Amino acid sequence: KQEVTQIPAALSVPEGENLVLNCSFTDSAIYNLQWFRQDPGKGLTSLLLIQSSQREQTSGRLNASLDKSSGRSTLYIAASQPGDSATYLCAGPVSGGYNKLIFGAGTRLAVHP
Amino acid sequence: GAGVSQSPSNKVTEKGKDVELRCDPISGHTALYWYRQRLGQGLEFLIYFQGNSAPDKSGLPSDRFSAERTGESVSTLTIQRTQQEDSAVYLCASSLGQGATNEKLFFGSGTQLSVL
């Protein structure tokens, strides 16, 4: 059964730090992966999608990579800002599933001015 | 519409009552998903609709849960005889229809369901 672990569960940092959020799958046969952001009381916003032909994706200060051999992904946030405070979730396909995503519990990030 | 719309945003109900949650996907999105998020946990897949194909109901936790979708528009998730364990945020998402793992999903703000 596919399970997702996100480390750390929570992170509190001062503004300006570079951050690394980790995500790992028990079934390492991951062919694509998405990172989402969730603000309190709101739904999820898709940040980055690494498709089957890709190893990483970049958007502004965000960079996500996927090691398909180990089933691990890293979300890198450069020069963090208070507006980055949110919960970050990774999601990948359920083993053998095409349309179902399995989500991690998330990393709660707080960036202090 | 501009985004995925869900209603109501909050629902408080008594144990044993039925509830109906509504989702309006983005216009033109053929795929629609329902997820459940319990406090402090990740999202749990419930059901998936794709066009006129038979829905994937494999995530529904019990026969008290059902969902319908009219064509490629509105979807309703119904929970019968609600239990306290049903308390959660119910999130709806839509996408163009290439499959959840290959394209971005757009989520609504969710319905916070509280069963007393």
Side-chain angles (χ1 to χ4, degrees), chain A residues 1-7 9-10 23-27 29-54 57 59 64 66 68 71 73 86-108, chain B residues 2-10 21 23-26 29-51 53-60 88-112:
Chain A
K1 177 184 175 183
Q2 182 71 284
E3 293 182 355
V4 186
T5 302
Q6 289 193 242
I7 295 173
C23 170
S24 62
F25 293 76
T26 52
D27 180 352
I30 295 294
Y31 47 90
N32 53 37
L33 181 138
Q34 299 191 45
W35 281 92
F36 294 85
R37 167 184 173 139
Q38 185 173 31
D39 293 282
K42 297 186 178 181
L44 280 68
T45 300
S46 180
L47 296 174
L48 293 165
L49 165 63
I50 304 175
Q51 294 181 317
S52 55
S53 60
Q54 302 168 329
Q57 277 287 313
S59 176
L66 174 61
K68 296 173 184 175
S73 178
T87 296
Y88 291 81
L89 299 100
C90 65
V94 172
S95 298
Y98 176 69
N99 294 306
K100 304 174 195 176
L101 289 174
I102 181 170
F103 285 78
T107 294
R108 294 187 310 280
Chain B
V4 178
S5 177
Q6 290 188 247
S7 61
S9 56
N10 282 282
L21 313 180
C23 173
D24 283 276
I26 292 173
H29 281 191
T30 62
L32 186 146
Y33 313 80
W34 283 98
Y35 282 85
R36 176 170 71 177
Q37 186 177 30
R38 290 190 166 125
L39 187 65
Q41 299 185 20
L43 276 68
E44 175 187 5
F45 169 82
L46 297 178
I47 189 168
Y48 160 73
F49 294 91
Q50 170 59 59
S53 302
D56 179 348
K57 304 180 181 180
S58 60
L60 295 179
V89 176
Y90 289 82
L91 290 159
C92 174
S94 70
S95 68
L96 285 171
Q98 297 173 13
T101 64
N102 291 325
E103 60 185 2
K104 287 190 175 184
L105 267 62
F106 294 84
F107 280 83
S109 297
T111 294
Q112 173 71 64

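Just so it is clear, the values below take in all heavy atoms, side chains as well, and ignore hydrogens, waters and symmetry mates. Per chain, numbering begins at 1; letters A, B, ... match sequence-line order. These numbers were taken from a predicted model, which means no experiment stands behind them.
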Practice item. Quick one: pull up CG in A:Leu101 and CZ in B:Phe45 and give me the separation to the nearest 0.5 Å. Key: 9.5 Å
Study note, to complete from the structure: OG1 of A:Thr45 to NZ of B:Lys104, rounded to nearest 0.5 Å, is 10.0 Å
Practice item. Give a yes or no on whether the backbone of B:Glu103 and the side-chain of A:Gln34 come within a donor-acceptor separation of less than 3.5 Å. Key: yes
Practice item. Check whether A:Gln38 gets within reach of chain B through its side chain, its backbone, both or neither, counting any heavy atom under 4.5 Å. Key: side chain
Check your understanding: Side chain, backbone, both or neither: which part of A:Leu33 has a heavy atom under 4.5 Å from chain B?
Key -> neither
Exercise for review: Could you pull out the closest heavy-atom pair between A:Leu44 and B:Phe107, with the gap in Å?
Suggested key: O-CB, 3.4 Å
**Study point:** Nearest non-hydrogen partners of B:Leu91 and A:Gly43, listed with the distance
**Key:** CD2-CA, 4.0 Å
Practice item. Pick whichever of B:Gly59, B:Ala93, B:Gly42 has the most heavy-atom pairs under 4.5 Å with chain A. Key: B:Gly42
Review point. What residue in B:Glu44, B:Gln6, B:Gln37 has the most heavy-atom pairs under 4.5 Å with chain A?
Key: B:Gln37
